[in-house]
Amino acid sequence: MACFLHPLTDAETVMLTKAMAHSGGRLDFSKINLPKVDKHSTGGVGDGISLALAPLVACGGVAVPMMSGRGLGHTGGTLDKLESMQRFEVRVPVNLIYRQIKKLNVCMFGQTADLAPADRKLYSLRDATGTVESRPLIVASILSKKYAEGVDSLLMDVKYGSGAFMQKLEDSRKLARALVSTAKKLGLHCRALITYMDQPLGRAIGNANEMRQAVEILKGNKEIAPDFYELLLEEAAHMLVISGAQKDLTKARALMEEKIINGEALAKMRQMIKWQGASPNAVDNPDVYFKTAPLKAIFQAPKAGYVAHIDAKTAGVAAVLLGAGRNTMEDKIDYGAGIWLERKSGDAVRKGDTIAILYASDKKRLSEGLALFAQSVKITKQKPAAYKIIKEIIK
């Protein structure tokens, strides 16, 4: 509470972050003779970038130990998305993380009990005392886990907009600057992208849905979700540059696109899935392995015009109602529940055109999710201006 009322200085934030990181063990990848890089997103709706990003960047001559979390509320979690694959193991013992990184350059795993254990206790206290939204405490919470993870470089994806943790651009900008500044004082190469989360990213909302989309993107089907594809390439390129593996952002972006086109990225995803216990056939037959929930409802355009806006938070909460998310960490997730957006902002529609397909396993959930999703969609006569996915880069 004292930190909340009298915010920590930069130096104090660094000290707290280090203390939290050293409250447990630290991963040591010093014997792996490659740059080690990770990425952290402040979360949002449809933000399944990590699913495609980790295997893609691992094709660029760097190691990607990617520690991720679970979803809560309207914000999805990478671990939940990965677990929509039967038998995919995210609780990877430290010795197996090393082994997999050495062999594949990539492993996607959850926080082990020994990594920054103080963070879990302090977060519970912050939650109970209403001090979650203290910027220095947010910075220390995020970076203590990444510092304990043993990477050299870190890319931050800081969202702004209705579906973001920090909805105002200026608040997101301040958080991004604090994260980059603190990370650098910890000895990490770091930069932040401030990205748009006023509308859902990509077409998929929900766990199996987002896995299927990530697979399609790595198959080179960029038209399925152009905004997702753009952000994926941009984040991958920045990760290669901050790690030192590439010097030029344009060349790094071209390399990452080449790894998608030639199939290397998809092959890397297939290997990672196999190593972590699930069937690599999920990549070849996504419709079989990432099944949608049995009940579906179609949201149709109530009038002709253009889709002007789909509010990210409203759509995200609708997905939770469908069963795709959780309101408390004890809630169970329906991996097949979710939303597929057939139309996005800027698309022309006639009355009755399908804008979205919603999936659930329960009639009541489907009805409630559909009613709320309907409130997220705005249709206008005029075509809306295109929005920029990446608003700013903080170095």
Side-chain angles (χ1 to χ4, degrees), residues 20 39-51 66-84 88 90-91 108-113 115-135 137-146 156-167 171-172 175 179 195 197-198 200-202 204-211 293 311-339 360 365 368-369 372-373 376:
M20 289 165 65
K39 163 253 182 183
H40 177 83
S41 168
T42 56
V45 180
D47 183 21
I49 290 283
S50 292
L51 305 172
M66 187 171 280
M67 184 164 66
S68 302
R70 299 196 177 279
L72 189 63
H74 70 276
T75 295
T78 300
L79 298 185
D80 301 318
K81 295 165 191 179
L82 290 167
E83 286 183 335
S84 68
F88 189 94
V90 298
R91 293 174 295 276
M108 299 183 76
F109 55 94
Q111 183 180 359
T112 68
L115 282 178
D119 174 58
R120 281 190 295 273
K121 298 193 176 194
L122 287 175
Y123 189 87
S124 297
L125 285 170
R126 286 164 57 207
D127 194 35
T129 55
T131 56
V132 168
E133 292 184 12
S134 161
R135 195 180 305 119
L137 296 181
I138 293 167
V139 169
S141 176
I142 291 170
L143 291 181
S144 63
K145 295 189 283 285
K146 296 302 180 184
M156 303 300 309
D157 180 353
V158 182
K159 307 290 187 186
Y160 77 97
S162 82
F165 175 64
M166 298 259 176
Q167 297 187 357
D171 289 338
S172 295
L175 177 59
L179 284 163
T195 63
M197 189 40 75
D198 213 44
L201 180 66
I205 306 171
N207 303 287
N209 257 352
E210 291 185 47
M211 278 302 308
D311 183 71
K313 185 169 184 180
T314 308
V317 175
V320 174
L321 288 177
L322 293 168
R326 55 169 74 84
N327 288 311
T328 71
M329 290 311 291
E330 290 72 37
D331 291 349
K332 285 189 175 179
I333 281 182
D334 178 354
Y335 293 114
I339 302 167
R365 279 186 173 277
E368 290 175 351
L372 185 59
F373 178 78
S376 74

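No hydrogens, no waters, no symmetry mates; every other heavy atom, side chains included, goes into these values.
- The line from CZ of Arg91 to CZ of Phe109 is 14.5 Å long, rounded to the nearest 0.5 Å.
- With contacts defined as side-chain heavy-atom distances shorter than 4.5 Å, the pair Ser50/Lys81 does not qualify.
- Rounded to the nearest 0.5 Å, atoms CE (Met67) and CG (Leu79) are 10.0 Å apart.
- Under the side chain to side chain donor-acceptor pair (under 3.5 Å) criterion, Thr195 pairs with Asp157, Lys159, not counting sequence neighbours.
- Shown here for Pro200 and Ala315, the closest heavy-atom pair between the two residues is CG-CB, 4.2 Å.
- What you find for Gly163 and Thr75 is that their closest heavy atoms are O-OG1, 4.4 Å.
- At least one side-chain heavy atom of Ile49 sits under 4.5 Å from a side-chain heavy atom of Lys39.
- Shortest non-hydrogen contact noted between Met197 and Ala312 is O-CB, 3.4 Å.
- Scanning all heavy atoms of the two residues, the minimum distance from Thr78 to Met108 falls at CG2-CE, 3.7 Å.
- The closest side-chain heavy-atom distance from Glu133 to Phe165 is below 4.5 Å.
- Ser41 approaches Asp47 most closely through the heavy-atom pair OG-OD2, 2.7 Å.
- Within the 4.5 Å cutoff, the side chain of Glu83 has heavy atoms near those of the Val90 side chain.
- Side-chain atoms of Ser124 and Asp127 include no donor-acceptor pair closer than 3.5 Å.
- Taking the side chain as every heavy atom from C-beta outward, Asp80 and Arg326 approach each other to under 4.5 Å.
- Ala293 and Asp334 make their closest contact through CB-OD2, 4.0 Å (heavy atoms, listed as atom of the first residue, atom of the second, distance).
- Atoms OG1 and NZ, from Thr112 and Lys145 in turn, are 12.0 Å apart once rounded to the nearest 0.5 Å.
- Side-chain contact between Tyr123 and Val132 is present, with at least one heavy-atom pair separated by less than 4.5 Å.
- We find the CG-NE2 distance between Leu321 and His74 to be 13.0 Å, quoted to the nearest 0.5 Å.
- Between the CG atom of Leu143 and the CD1 atom of Ile138 there is a distance of 11.5 Å, given to the nearest 0.5 Å.
- Judged as a side chain to side chain donor-acceptor pair (under 3.5 Å), and not counting sequence neighbours, the contacts of Asp311 are Ser162, Thr314.
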If you apply the rule side-chain contact (heavy atoms from CB on, under 4.5 Å), what do you find for Met20 with Leu122, and how did you get there? CA-CA 9 Å; Met20 289 165 65; Leu122 287 175; 3.8 Å; yes
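- A search for side chain to side chain donor-acceptor pair (under 3.5 Å) contacts involving Asp171 returns nothing, not counting sequence neighbours.
- Judged by distance alone, with hydrogens and angles left aside, the side-chain atoms of Ser376 form no donor-acceptor pair with the main-chain N or O of Leu372 at under 3.5 Å.
- Rounding to the nearest 0.5 angstrom, the gap separating the CE atom in Met156 from the NZ atom in Lys146 is 8.0 Å.
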